[in-house]
Amino acid sequence: MRHIFKCKDCFDLLMDYLEESLDPETHKKLDVHFAACPSCLNFLKSYRACSEMTQQLQDQQVEIPQEVEDRLKTFLQEKM
Ligand SMILES: [Zn+2]
């Protein structure tokens, strides 16, 4: 039986996905899941926007805003 990624699998791999350090097959499976799962796609978008912002401002040692962190936590709790 083909392994279908669950939302939790995606969260576990999200960092590697964004760094593009996954093997192509796993990366593709995540793409498929994100295409079919709007909530994960939204999560991915906000996570990516957040990490880009952090990268841009890393010289200034900016931390993730509390509001964003709370939102991510709430999202994860709802999913698990
Ligand atoms: Zn999902």
Side-chain angles (χ1 to χ4, degrees):
M1 197 168 85
R2 201 161 64 103
H3 177 69
I4 307 275
F5 270 37
K6 294 189 173 69
C7 293
K8 190 184 176 301
D9 299 323
C10 291
F11 295 138
D12 290 343
L13 296 168
L14 192 65
M15 297 283 269
D16 293 331
Y17 177 87
L18 288 171
E19 285 169 11
E20 307 205 355
S21 56
L22 294 169
D23 65 274
E25 197 189 336
T26 307
H27 193 99
K28 180 109 184 160
K29 281 182 185 169
L30 281 174
D31 280 339
V32 169
H33 182 93
F34 289 135
C37 183
S39 57
C40 278
L41 187 63
N42 282 334
F43 182 78
L44 174 68
K45 280 181 185 165
S46 52
Y47 195 95
R48 181 182 273 153
C50 190
S51 71
E52 276 172 7
M53 191 177 72
T54 307
Q55 260 173 21
Q56 282 169 10
L57 300 174
Q58 64 184 352
D59 291 343
Q60 300 168 39
Q61 302 269 320
V62 174
E63 294 181 3
I64 297 176
Q66 189 63 45
E67 188 198 335
V68 175
E69 198 182 313
D70 288 346
R71 247 170 56 200
L72 293 184
K73 276 182 191 159
T74 306
F75 183 87
L76 286 171
Q77 279 163 5
E78 282 171 2
K79 282 283 178 189
M80 286 174 190

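Values in this document were obtained by computation on a predicted structure and should not be read as measured data. Both counts, for ligands and for their atoms, begin at 1 and track the order of listing.
Considering F43, F34, Y17 in turn, F43 is the only one that fulfils the ring pair (Phe, Tyr, Trp, His ring centres under 6.0 Å) rule with F11.
The shortest non-hydrogen separation linking R48 to L18 is NE-CD2, 3.6 Å. Residues C40 and F75 approach most closely at N-CZ, 4.4 Å, considering heavy atoms. Residues Y47 and M15 approach most closely at OH-SD, 2.6 Å, considering heavy atoms. Between H33 and F5, the shortest heavy-atom contact is ND1-O, 3.0 Å.
Checked by atom type and distance alone, the side chain of D9 pairs as donor or acceptor with a backbone atom of K6 at under 3.5 Å.
Inside a sphere of radius 2.8 Å centred on the Zn ion (ligand 1), the protein N/O/S atoms present are C7 SG, H33 NE2, C37 SG, C40 SG.
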